[in-house]
*Asks:* 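Before we start, here is the structure in question, set down as structure tokens.
Whatever order the structure lists ligands and atoms in, that order sets their numbers, starting from 1. Remember, predicted model here, so these are calculated numbers, not experimental data.
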Amino acid sequence: MDIKPFFAPEYYITDEFTIRSYMLGDGPLLAEAVNASYEHLKRFMPWAKPHTEDIEAENTIRRWRGEYLLATNFTLGVFDPDGKRLLGSSGFHLREGDLNNRAAEIGMWIRADAAHKGLGSRVLRAILTWGFTAWPWERLTWRCNEENIASRRTAEKAGMRLEGRFRAVTRLPDGTRETMLAFAILKDEWEMGNR
Ligand SMILES: CC(C)(COP(=O)(O)OP(=O)(O)OC[C@H]1O[C@@H](n2cnc3c(N)ncnc32)[C@H](O)[C@@H]1OP(=O)(O)O)[C@@H](O)C(=O)NCCC(=O)NCCS
């Protein structure tokens with residue numbers, strides 16, 4: 001059955017953070033967070049660069065907002081409760097087919113000064129709860145570099161299962177090739193674990 005039209009959910013609110021679509025005007029918050037996190041992001045986030053201008057980030061979030069409204073890709077910001085600071089970024093990305101396939105890949109980064117304190121694990125649990133209750137997802141996936149221990153542990157702790165290991169799947173700018181791990185959780189597995 002076609003999901004048409006699809007009006008994506010906009011907000012998921014907890015006491016610690018709000019997960020929502022990026023909105024017009026969020027560009028400077030995104031630029032501040034990535035600029036403060038370059039050293040932390042550069043190892044595993046190929047898009048990371050030393051400095052991003054506010055206007056460039058604003059252009060990016062406008063594209064993300066457009067994709068969100070068109071239901072082609074759902075990039076999400078993780079904001080502190082008063083909305084003044086971006087704690088990280090996530091999203092439901094349609095990498096296993098279009099919306100009718102009801103499967104999405106979750107991406108995530110947490111800003112440097114908030115990382116390694118349990119926040120990524122709490123955000124992923126929130127994303128799974130939101131994803132399996134308010135969104136049409138029947139399968140949610142997570143991919144990470146085999147050497148990215150924090151990412152791998154974040155997925156495992158949230159109950160995602162390792163499904164595969166793809167050797168030398170991606171070529172990095174320095175010419176080396178990275179091995180990726182693929183994790184997934186199905187809606188019925190998530191429901192069983194949250195009864
Ligand atoms: C991966 C990331 C999103 C995880 O979020 P986080 O808030 O740092 O994760 P948490 O603090 O919830 O930690 C999750 C697990 O990873 C472990 N971990 C965290 N940082 C670690 C590190 N630097 N080295 C080894 N393990 C680490 C934690 O100990 C925890 O496992 P445990 O409970 O068994 O001890 C975050 O570290 C990040 O943004 N990294 C850079 C970008 C990135 O790699 N994104 C993922 C791409 S797939």
*Asks:* Where does the angle between the aromatic ring planes of Phe132 and Trp190 fall among parallel (under 30°), tilted (30 to 60°) and perpendicular (over 60°)?
*Replies:*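 Phe132 vs Trp190 ring planes: tilted.
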
*Asks:* Got Leu24 and Arg62 here, is their nearest side-chain heavy-atom distance under 4.5 Å?
*Replies:*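 Of all side-chain heavy-atom pairs linking Arg62 with Leu24, at least one is under 4.5 Å.
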
*Asks:* Would you check if Leu86 and Glu32 make a side-chain contact, meaning some heavy-atom pair closer than 4.5 Å?
*Replies:*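 The answer is no, as the side chains (C-beta and beyond) never meet within the 4.5 Å cut-off.
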
*Asks:* Please state whether the rings of Tyr68 and Trp135 are parallel, tilted or perpendicular, taking 30° and 60° as the class boundaries.
*Replies:*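 Perpendicular: the ring planes of Tyr68 and Trp135 meet at over 60°.
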
*Asks:* State whether Arg65 and Glu10 are salt-bridged, where the test is any N-O pair (Lys NZ or Arg NE/NH1/NH2 against Asp/Glu carboxylate O) under 4.0 Å.
*Replies:*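 Yes, Arg65 and Glu10 are salt-bridged.
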
*Asks:* Does Arg177 CZ have over 12 foreign heavy atoms under 6.0 Å away?
*Replies:*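 Yes.
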
*Asks:* Ligand 1: which protein N/O atoms lie under 3.5 Å from its N/O atoms?
*Replies:*
residue, atom, partner, partner atom, Å
ligand 1, 7 (O), Gly120, N, 2.7
ligand 1, 8 (O), His116, N, 2.8
ligand 1, 8 (O), His116, ND1, 3.2
ligand 1, 11 (O), Lys117, N, 3.1
ligand 1, 11 (O), Gly118, N, 2.6
ligand 1, 12 (O), Ser121, N, 3.0
ligand 1, 12 (O), Ser121, OG, 2.5
ligand 1, 20 (N), His116, ND1, 2.5
ligand 1, 33 (O), Lys157, NZ, 2.7
ligand 1, 34 (O), Arg153, NE, 3.0
ligand 1, 34 (O), Arg153, NH2, 2.8
ligand 1, 39 (O), His40, NE2, 3.3
ligand 1, 39 (O), Ile110, N, 2.8
ligand 1, 39 (O), Ile110, O, 3.4
ligand 1, 44 (O), Asn148, ND2, 2.7
ligand 1, 45 (N), Met108, O, 2.8

